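Read through the structure below, which is laid out as structure tokens, and then see the notes.
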Amino acid sequence: MTTSREHLTRTYCTVCGSMVSREFRPGPDGRPHATCPRCRSLERHRFLALLLGTLAPDLRDLDLVVEIAPSRQTTPMLDRLGARRRISLDAGYDSRDVDALASVCQLPLRDGSVDLLVCYHVLEHVPDDCAAMREIARVLSPHGIALLEVPIKVGVGTDEDLEAPEEERLRRFGQRDHVRWYGDDIDDRLSAAGLATVRVTPPALVGEAAVKWFGLMASEVVWIARHGSGAAPAMLAGGPGTGLTAALDALLTDLDHTRERLDRARTRADRAAAQRDALRARLASTREELALAREAGVLTRLRRAVHL
């Protein structure tokens, strides 16, 4: 009987809905424990799945869902929302499969026609990001929701340079095709474009314990945007816990205790198996000794008989 602690180390992928016992693989930039080995989802994809579940009451009876710069992990999630129409758009700088080529600064959509818009890691590429934000506000329906994600450094202002050469962009903004790294003033930009926002982080939504369980990135920030202006108090780590975070914390704490008990039981089972194997070896040795003794006794009697 062989057991290992690795059997107890599991993560739940919210994208493919699987319990994953293998270690998550590195991400595109080499960061550890980022990629689900089954569906290849990243932290942002798994957090999006949780956000969509949390927003489910607001995502009923959807007419049009729009995804800008889609990925093969997010598209099935949005399909499952059951919208009557779903459109994927991209500017066409790569080979991804989309329904239409279009710039986020000039969306080919009617005013107020979109019930849900997902725009992840796009705005940091766009020279006129304020025009893109205004377009997002224009196409959102009165009850529409936009989920936006960009790289951000908290505690500083936005650093941007549209004329910076590629090597400087890589150094300052993290990628050669980025033109900025957002700071705290992104909320002001979104508000000026006609979007009321709230920041959400994984620890604030599901709790610190669940961040590891779901394979999320604690520092990730997503903006939930609607028509309006201003920013609501951010749902950031360390804020007041929600019923969901409290429930998940309690559940995962109990799960950790169960894992510890199971680990101790496995250790005892390993010890018992080792004792059993030792006893079997001793029994086999004793049987062999008895067989030899019997054989020696028979030979002795035969010698006596021959002597007589």
Side-chain angles (χ1 to χ4, degrees), residues 44-45 47-70 74 77-89 102-124 126 128-152 154 158 182-206 220-237 239-240 242-245:
R44 63 176 177 267
H45 304 136
F47 188 40
L48 174 61
L50 290 171
L51 277 175
L52 293 174
T54 303
L55 294 169
D58 294 319
L59 301 179
R60 297 171 181 165
D61 193 31
L62 297 175
D63 182 39
L64 176 59
V65 170
V66 172
E67 184 178 16
I68 299 173
T74 56
M77 284 192 282
L78 297 178
D79 284 340
R80 287 194 291 269
L81 294 176
R84 285 181 282 278
R85 295 178 296 158
R86 192 188 64 75
I87 298 175
S88 60
L89 304 171
S103 167
V104 68
C105 297
Q106 292 180 313
L107 295 173
L109 302 166
R110 298 193 311 273
D111 294 358
S113 60
V114 179
D115 296 319
L116 174 65
L117 184 143
V118 177
C119 182
Y120 272 33
H121 288 273
V122 172
L123 296 176
E124 65 270 20
V126 179
D128 191 355
D129 64 327
C130 292
M133 294 173 185
R134 289 193 295 270
E135 273 294 272
I136 292 172
R138 177 185 68 80
V139 301
L140 279 184
S141 67
H143 58 275
I145 297 173
L147 299 178
L148 313 173
E149 185 178 58
V150 297
I152 182 173
V154 178
T158 295
Y182 284 99
D184 292 336
D185 55 332
I186 184 177
D187 298 283
D188 297 331
R189 295 188 184 212
L190 291 166
S191 179
L195 294 169
T197 59
V198 59
R199 299 187 192 188
V200 184
T201 66
L205 185 69
V206 297
E220 182 179 0
V221 181
V222 172
W223 283 259
I224 301 176
R226 303 174 187 265
H227 272 295
S229 61
M235 292 178 61
L236 299 174
T242 64
L244 177 61
T245 61

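In this chain, residues are counted from 1 in sequence order. Values below: all heavy atoms of this structure, side chains included; hydrogens, waters and symmetry mates excluded. All values derive from a computational prediction rather than experimental measurement.
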- Looking only at side chains, do Thr74 and Glu67 share a donor and an acceptor under 3.5 Å apart? yes
- Item | Minimum side-chain heavy-atom gap Trp223-Asp187 below 4.5 Å | yes
- Note on the structure: Closest heavy-atom pair, Arg226 versus Gly144, reported as atoms and distance to 0.1 Å, is CG-O, 3.8 Å
- Considering all heavy atoms, the nearest Gln106-Ala102 contact: O-CB, 4.4 Å
- Message: Quick check for you: to the nearest 0.5 Å, what is the distance between Thr54 atom OG1 and Phe47 atom CZ?
- Response: 8.0 Å
- To the nearest 0.5 Å, atom CD1 of Ile136 lies from atom CD1 of Ile68 at 5.0 Å
- Item | Reported NE2-to-CD distance for the pair His121 and Glu149, which is rounded to 0.5 angstrom | 3.5 Å
- Task: With the side chain counted from C-beta on, respond yes when Leu117 and Leu147 share a heavy-atom pair under 4.5 Å apart, and no when they do not.
- Result: no
- Task: Indicate the atoms forming the closest heavy-atom contact of Thr158 with Gly183, along with that distance.
- Result: OG1-N, 3.0 Å
- Message: Within a 6.0 Å radius of atom CZ on Arg110, are there more than 12 heavy atoms belonging to other residues, nucleotides or ligands?
- Response: no
- Hey, mind stepping through Asp129 and Arg134 against salt bridge (charged side-chain N to carboxylate O under 4.0 Å, His left out) and telling me if it holds? CA-CA 9 Å; Asp129 64 327; Arg134 289 193 295 270; over 6 Å; no
- Measure across Ala193 and Cys130 and return the closest heavy-atom pair with its distance rounded to 0.1 Å. CB-O, 4.4 Å
- Does Val139 reach the side chain of Asp111, with side-chain heavy atoms less than 4.5 Å apart? no
- Backbone N or O of Asp188 within a donor-acceptor pair of the Asp185 side chain at under 3.5 Å? no
- Message: List the residues meeting side-chain contact (heavy atoms from CB on, under 4.5 Å) with Ser229, not counting sequence neighbours, and say none if there are none.
- Response: Ser191
- Task: Would you please test Ile224 and Thr197 for side-chain contact (heavy atoms from CB on, under 4.5 Å) and show each step?
- Result: CA-CA 5 Å; Ile224 301 176; Thr197 59; over 6 Å; no
- Item | Heavy-atom closest pair, residues Asp61 and Arg84 | OD1-NH1, 2.8 Å
- Given Val154 and Asp184, is the side-chain contact (heavy atoms from CB on, under 4.5 Å) satisfied, shown in steps? CA-CA 6 Å; Val154 178; Asp184 292 336; 3.8 Å; yes
- Audit row: Leu109, Ile87, side-chain contact (heavy atoms from CB on, under 4.5 Å) steps and yes/no: CA-CA 10 Å; Leu109 302 166; Ile87 298 175; 4.2 Å; yes
- Would you sort out whether Met77 and Leu52 count as a side-chain contact (heavy atoms from CB on, under 4.5 Å), showing the intermediate values? CA-CA 9 Å; Met77 284 192 282; Leu52 293 174; 4.2 Å; yes
- Message: Are the side chains of Leu148 and Leu190 in contact, using a 4.5 Å heavy-atom criterion?
- Response: yes
- Query: Can you tell if the side chain of Asp63 reaches within under 4.5 Å of the side chain of Ser113, non-hydrogen atoms only?
  - Reply: no
- Note on the structure: For Glu135 and Leu107, the nearest pair of non-hydrogen atoms, with its separation, is OE1-N, 2.7 Å
- Message: Is the shortest side-chain heavy-atom distance between Tyr182 and Arg189 below 4.5 Å?
- Response: yes
- Message: Can you tell me how far apart CZ (Arg86) and CG (Leu116) are? Round to the nearest 0.5 Å.
- Response: 11.0 Å
- Query: Heavy-atom distance under 4.5 Å between the side chains of Arg199 and Ile186, does that happen here?
  - Reply: yes
- Within the distance-only criterion (no hydrogens, no angle test), does the side chain of His227 pair as donor or acceptor with the backbone N or O of Leu140 below 3.5 angstrom? yes
- Is a donor on one side and an acceptor on the other found under 3.5 Å between the side chain of Ser141 and the backbone of Val114? yes
- Query: If you measure from CD1 on Ile145 to CG on Leu59, what distance do you get to the nearest 0.5 Å?
  - Reply: 5.0 Å
- Query: Is there a side-chain contact between Asp115 and Val65, using heavy atoms and a 4.5 Å cut-off?
  - Reply: no
